[in-house]
Amino acid sequence: MCGIVGYVGPRVAAPILLEGLRRLEYRGYDSAGLAIQATNGLEVVRSVGKLDNLSRALEGRSLLGTVGIGHTRWATHGRPSEPNAHPLVSGDVAVVHNGIIENHVALRRRLEAEGVVFKSDTDSEILAHLVHRALERGASLFEAVKATLGFLQGTYGIAVLAGRQPDRIVVAKNASPLVIGLGEGETLCGSDIPALLGHTRQMLFLEDGELAELTTGGARVETLEGQLVSRAPRRIDWSPTQAEKSGFKHFMLKEIFEQPRAVEDTLRGRIRVAAGEIEGAELGLDPAFIDNIDRVYFLACGTSYHATIAGRYWIEQLARLPAQTEIASEVRLRSPVFTPRDLVVAVSQSGETVDTLAAVRTAREAGAYVLAIANVVDSMIPRASNGALYTHAGPEIGVASTKCFTTQLVALLLLAIHLGRRRGVLDASSTASALEALMAVPSLMRRSLERSDEAYEVARRWHNARHMLFLGRGLGYPIALEGALKLKEISYAHAEGYAAGEMKHGPIALIDDEMPVVVVMPHDRHYEKTLANVQEVRARDGRVIAVVSESDQVASTLAEQVLRIPDAPELVQPLLSVIPLQLLAYYFADLKGTDVDQPRNLAKVVTVE
Ligand code: M6R
């Protein structure tokens, strides 16, 4: 999730690029840069931090070129730093890239062996070197980019400049978006529509496996196989604000719908499909340490804490290691016992939560090995840890965490499978089936999202309710907690999440004919027991809303309303059952008219105790 913008035309490019980047800052903001064609070659300016730093770096420089590319970065490979900022350069070639090049390590080794010197830690720099080498062999920029793409595995949206053909930009796309804007005597490109809206509304959407050459005369599009593509541009009437949210009403809703893509990015490059193995090096964990682990100890707050409850269950089940999870703010108050044989896993989307950070420091002081699971690369918690496993969900703008939660779940499940395999608990075939289940998640999530109208109907029925109870067992328990937290955070309704087995120990007293009770109960080993809870709620006139598997025949007839998720192996069900609950919270809050993206009293990053 980074932002790309490019311009070819009669006007001075730098201010147009800067304005485009400003409109894309919601996609990433840890560093930014521009490359402009100047009379004496390429001018490249990059800076760390928000775009204002780049503006300041440009002050006093007269960049008058009329062709250029720009980028705002959300780090994935390589920390936010000036050398890792885009555009990345090799000779007279400058490249901006969104996406992840999965085989970058192998490609880099090959080029280094041939004497190429890399200046960044990014996966993207490989592109600049490969294009440059092809140009040196006499290819045109277009052919050089096409040849480079042939070497790549992974995802990309790219824009490329070369000093030797200064009147054009070559762009290409595979899985990361790339839009071309057709103006009068000028052509633009961007990773997203908002970057272009100030200049044109005629947009040409590149498809996967296509590349295009942009000049003042427009765009020539070809497939990688060399077939000319003729596609009519579409007129986009969105306002810039609508466009930032890709047409969704709120960032939260956009982020809920981004989850299949986010999960794909968390998995990308981390699974060796043919071997049915996890790429251990990608998990930020020292292999020598794994065999000596005595216990896995999770630390987190809020939604991230809920993810760790599932993490704990997975570690116990798949790696057969003792595991516990603790609310980080509580750990700080106690005298926790950590040992050097503890694997402490600190989970935090922001990587900055002060309580989690303090608990990490306590664990490290006691000699424990700390692995951070975070979304923000090089944030405080990963820096304070021994290793980091990044979720690559892209920036999350809505205060209520959604895609960061599901990608945390994926990271935790990967970790559990990896530990289980490495420690000999899982054999090759059970590893392969766990990975298969995981890899099917994005498409199952898409199917889940297609049922958003069911969540809307439940929200419509209940959005005036003042209380709601959420119940679940096993892996359904953290999802019940998360469903309740989502609802209370953004709708301000009182919601409680409970382990279904605890219902009789207190919450049952709350149940009457005005109490909606959401029961998370896809087909799993606890189904019959949870069904008994449904009967108990009904016997007290409670109103049951059941999250069930698509093929469910029983609970669905007992519940007043149902939220269906696709049938899936138990291991990955939490990744699906949370979706209708996120949607329920969203629609509920929206119908009430609260500020969904910035709910009262809450902050996206909690840096105070
Ligand atoms: O950045 P973190 O994951 O460490 O944040 C922890 C909590 O503050 C966070 O999950 C909070 O509960 C969210 N608002 C949940 O939507």
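Start at 1 and go down the list; that is how both ligands and their atoms are numbered. The residues of the chain are indexed from 1 along the displayed sequence.
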Of all protein heavy atoms, the one nearest atom 10 (O) of ligand 1 is T303 N, 3.0 Å
List ligand 1 atoms under 4.0 Å from A400, heavy atoms only on the residue side.
16 (O)
Specify the protein heavy atom at minimum distance from atom 1 (O) of ligand 1: its residue, its atom name, and the distance to 0.1 Å.
S350 OG, 2.6 Å
What's the shortest distance from atom 3 (O) of ligand 1 to any protein heavy atom, and which residue and atom give it?
S304 OG, 2.5 Å
Could you tell me whether ligand 1 has any atom less than 4.0 Å away from a heavy atom of V399?
yes
Under the criterion ring-ring contact (aromatic ring centres under 6.0 Å, His included), I'd like the reasoning laid out for F405 against H306: C-alpha separation, chi angles, the key distance, then a yes or no.
CA-CA 8 Å; F405 175 69; H306 298 157; 7.1 Å; no
Write out the residue and atom name of the closest protein heavy atom to atom 5 (O) of ligand 1, then the distance separating them to 0.1 Å.
T353 OG1, 3.4 Å
Within a distance under 4.0 Å of any heavy atom of S348, pick out the atoms of ligand 1 and give their elements.
1 (O), 2 (P), 3 (O), 4 (O)
Residue among E255, E482, Q259, K486 satisfying side chain to side chain donor-acceptor pair (under 3.5 Å) with Q582
Q259
Considering only protein heavy atoms, which is closest to atom 8 (O) of ligand 1, and at what distance to one decimal place?
V606 CG2, 3.7 Å
Flag the pair I293 / R423 as yes when at least one side-chain heavy-atom distance between them is below 4.5 Å, and no otherwise.
yes
Heavy-atom side-chain contact between V520 and L581 under 4.5 Å
yes
Check: D524 and Y527 side chains under 4.5 Å, non-hydrogen atoms:
yes
Work out whether the distance between some heavy atom of E352 and some atom of ligand 1 is less than 4.0 Å.
no
Taking the side chain as every heavy atom from C-beta outward, state whether K403 and I256 have any atom pair closer than 4.5 Å.
no
Among all protein heavy atoms, pick the one closest to atom 13 (C) of ligand 1 and tell me residue, atom and distance.
E489 OE2, 3.3 Å
Report yes if some heavy atom in the side chain of L469 is under 4.5 Å from a heavy atom in the side chain of P516; otherwise report no.
no
Nearest heavy atoms of P522 and Q573, plus distance in Å
CG-OE1, 3.5 Å
Evaluate the ring planes of H463 and F588, with Trp represented by its six-membered ring, and classify them as parallel (under 30°), tilted (30 to 60°) or perpendicular (over 60°).
perpendicular
Below the 3.5 angstrom mark, is there an N/O of Q408, backbone or side chain, next to an N/O of ligand 1?
no
Identity and distance of the protein heavy atom lying nearest atom 6 (C) of ligand 1
C301 O, 3.4 Å
Which atoms of ligand 1 are found less than 4.0 Å from any heavy atom of K486?
15 (C), 16 (O)
